[in-house]
Number of protein chains: 2
Amino acid sequence: MNDTGNQARFAQGQDADKPLTRIQKLNRSKILEAALEVFSAHGFRGSTLDQIASEAGLSKPNLLYYFPSKEAIHAELMAGLLDIWLAPLRAMKPDGEPRAEIMSYMRRKLEMSREMPRESRLFANEMLQGAPRMEDELGHDLKTLVDANAQVIRGWIDAGKLAPVDPHHLIFSIWALTQHYADFEVQVRAVLGPDTDPFEGAGQFLDMLFGRLLAP
Amino acid sequence: MNDTGNQARFAQGQDADKPLTRIQKLNRSKILEAALEVFSAHGFRGSTLDQIASEAGLSKPNLLYYFPSKEAIHAELMAGLLDIWLAPLRAMKPDGEPRAEIMSYMRRKLEMSREMPRESRLFANEMLQGAPRMEDELGHDLKTLVDANAQVIRGWIDAGKLAPVDPHHLIFSIWALTQHYADFEVQVRAVLGPDTDPFEGAGQFLDMLFGRLLAP
DNA sequence: GTTCACTCTGACCGACTGGTCAAATCGCTA
DNA sequence: TAGCGATTTGACCAGTCGGTCAGAGTGAAC
């Protein structure tokens with residue numbers, strides 16, 4: 001709001017525009033990596049700048065040299081997250097083979113739960129709290145994208161290439177089933193025991209589940 | 001540890017044993033209700049005693065007259081939660097009709113997501129953080145109960161009354177699909193729009209999904 | 001209506017948290 | 001290698017948080 005004032009000087013080198021220095025790139029990415037680790041494990045309010053700073057190997061004032069506030073770090077993390085998260089959905093091709101498209105969407109999503117459990121939990125944390133920091137993107141970007149894909153799926157069903165299932169709930173079911181293995185990992189591991197790889201069994205089970213569900 | 005000392009006097013009337021007074025019963029339940037509301041929405045660290053006190057219509061010191069600490073309130077809430085949460089699983093009858101038993105377990109679980117979304121989110125919050133406050137119950141009570149039911153399901157499959165699916169992942173899928181509608185309610189509503197009841201469509205969709213999955 | 005345990009509260013405390021700042025240090029370039 | 005902006009830090013601050021405490025208020029049994 002004001003910048004005539006006193007503290008408006010959290011320089012990031014990018015006062016004017018873009019040219020990030022080597023050190024800036026390095027430290028910003030260190031901070032975001034550390035923030036992902038901490039935020040995903042403890043939620044926004046449950047995380048402290050000291051934790052993030054320590055995880056990143058920097059001092060707290062140094063964090064605040066690169067980001068103006070705790071909120072800003074979290075926001076930057078969130079900004080990219082929804083895109084990453086929805087990328088597999090964007091990759092679904094309307095002119096592909098319907099069952100294959102949906103199956104491979106599901107598999108990509110499961111793979112993301114395996115490879116990026118922290119991102120999954122960060123996202124889940126935000127949803128659980130009612131998504132106070134991404135309402136806009138949710139109501140617009142997300143809905144638009146999902147509706148578009150739901151239309152495509154509906155087309156497939158009308159053409160008789162897919163069992164008649166509600167497209168929205170089909171998409172929800174893919175989200176729920178794949179993200180569960182990242183978000184509730186402790187629970188899954190507690191049940192399966194420490195020597196079982198949850199994702200192995202999950203892959204086979206979900207193949208069978210969606211195979212049977214989608215048969216026309 | 002010590003009780004000779006100074007502060008060992010957070011009387012609750014139940015110093016000796018049981019007899020809770022009328023006021024105690026009332027206020028303890030007010031506090032637990034308020035704590036459920038607040039903890040489920042903001043997580044443990046994200047919630048403050050002031051929020052809970054205000055929600056309960058009591059003063060903060062008065063909260064601490066009934067419970068020795070914030071932790072204790074949360075613990076009391078958690079204590080009952082796992083039992084409530086697993087009750088439907090306990091209700092599954094080994095000598096019932098296999099598909100009907102599983103379908104009605106699923107429906108009961110979905111009903112719980114509809115009727116007790118706060119409990120669901122409280123549970124989800126705890127899982128996301130790695131369940132630091134209920135590791136014991138998870139590793140023992142939960143595993144035992146789930147394994148028992150998995151055995152029953154395996155028996156049904158061996159008897160040819162059920163499609164051959166991994167029992168553990170079948171149970172996980174029921175958890176994931178039903179709890180998703182409570183835990184990610186904002187997301188679901190953002191996609192479906194404000195005028196649609198998510199649980200209506202969910203009920204139909206899940207009936208079809210598990211119907212197709214379990215056909216022998 | 002006195003009594004005594006139960007209930008409640010305002011004032012307070014030490015620890016922690018997000019954030020600031022002046023000054024020190026670093027590292028690139030001319 | 002001198003200079004100057006980029007980077008880093010110790011000390012500090014105001015607000016919040018969980019929790020304590022001495023004492024005031026309350027209600028039911030006698």
Side-chain angles (χ1 to χ4, degrees), chain A residues 1-3 5-31 34-35 38-39 42-76 133, chain B residues 1-3 5-31 34-35 38-39 42-76 133:
Chain A
M1 304 315 176
N2 62 347
D3 53 67
N6 28 21
Q7 87 289 41
R9 125 198 7 196
F10 79 103
Q12 296 185 18
Q14 49 162 326
D15 280 343
D17 246 316
K18 302 294 159 41
L20 288 216
T21 74
R22 179 180 51 89
I23 296 183
Q24 279 168 358
K25 259 187 248 183
L26 176 72
N27 281 347
R28 283 178 61 92
S29 83
K30 269 203 236 169
I31 292 170
V38 175
F39 280 142
H42 304 107
F44 180 75
R45 287 216 41 188
S47 306
T48 71
L49 286 178
D50 286 294
Q51 282 177 86
I52 299 174
S54 147
E55 178 82 26
L58 300 173
S59 69
K60 183 170 58 162
N62 207 6
L63 279 203
L64 294 164
Y65 172 73
Y66 289 102
F67 291 89
S69 69
K70 181 185 175 185
E71 282 259 350
I73 302 178
H74 189 265
E76 179 119 354
R133 288 166 237 279
Chain B
M1 305 318 171
N2 62 346
D3 52 68
N6 28 20
Q7 88 290 41
R9 115 190 26 188
F10 78 101
Q12 295 185 19
Q14 49 163 324
D15 281 342
D17 246 313
K18 301 294 159 43
L20 288 216
T21 73
R22 177 181 51 90
I23 296 183
Q24 278 168 358
K25 258 186 249 182
L26 177 70
N27 282 347
R28 283 178 62 93
S29 83
K30 270 203 233 171
I31 292 170
V38 175
F39 280 142
H42 305 107
F44 180 76
R45 287 216 41 186
S47 306
T48 71
L49 285 179
D50 286 294
Q51 281 177 86
I52 299 174
S54 149
E55 179 82 24
L58 300 172
S59 70
K60 184 170 59 164
N62 206 8
L63 278 204
L64 294 164
Y65 171 72
Y66 290 102
F67 291 90
S69 69
K70 181 185 176 185
E71 282 259 351
I73 302 178
H74 190 265
E76 179 118 353
R133 289 166 236 282

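None of these values were measured; they are calculated from a predicted model. Naming convention: chains lettered A, B, ... in sequence-line order (proteins, then strands); numbering from 1 in each chain.
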Using a cut-off of strictly less than 4.0 Å, decide whether [X] has a side-chain nitrogen or oxygen near OP1 or OP2 of [N].
X     : N      : answer
A:Q24 : D:dA6  : no
A:T48 : C:dC16 : no
A:R22 : C:dG27 : no

Closest non-hydrogen atom pair, B:I73 against B:A35
CG2-CB, 3.5 Å

Nearest heavy atoms of B:L20 and B:K25, plus distance in Å
O-CE, 4.0 Å

Please report, rounded to the nearest Å, how far the [atom2] atom of [N] is from the [atom1] atom of [X].
X     : N      : atom1 : atom2 : value
B:R28 : C:dC6  : CZ    : P     : 15 Å
B:F67 : D:dT20 : CZ    : P     : 15 Å
B:N27 : D:dG27 : CG    : P     : 13 Å
B:L63 : C:dG10 : CG    : P     : 14 Å
A:L49 : D:dA14 : CG    : P     : 19 Å
A:K70 : D:dG15 : NZ    : P     : 18 Å
B:I23 : C:dA5  : CD1   : P     : 16 Å
A:I31 : C:dG19 : CD1   : C1'   : 15 Å

Between A:F44 and A:H74, what is the ring plane arrangement, given parallel below 30°, perpendicular above 60°, and tilted in between?
perpendicular

Nearest 0.5 Å please: distance from the [atom1] atom of [X] over to the [atom2] atom of [Y].
X     : Y     : atom1 : atom2 : value
B:T48 : B:K70 : OG1   : NZ    : 7.0 Å
B:S29 : B:Y66 : OG    : OH    : 10.5 Å
A:I52 : A:L63 : CD1   : CG    : 6.5 Å

Ignoring the backbone of [X], work out which of [options] is nearest its side chain.
X     : options                : result
A:S69 : C:dG19, D:dA28, D:dC17 : C:dG19
A:L64 : C:dT7, D:dA28, C:dG19  : C:dG19
B:Y65 : C:dC8, D:dG19, D:dT9   : C:dC8
A:N62 : D:dT8, C:dT9, D:dA28   : D:dT8
A:D50 : C:dC8, C:dC6, C:dT17   : C:dT17

What residues from residues 54-61 of chain A pass a heavy-atom cutoff of under 4.0 Å to DNA chain D?
A:S59, A:P61

With sequence neighbours excluded, tell me which residues meet salt bridge (Lys or Arg N to Asp or Glu O under 4.0 Å) with A:R133.
A:E71, A:E126

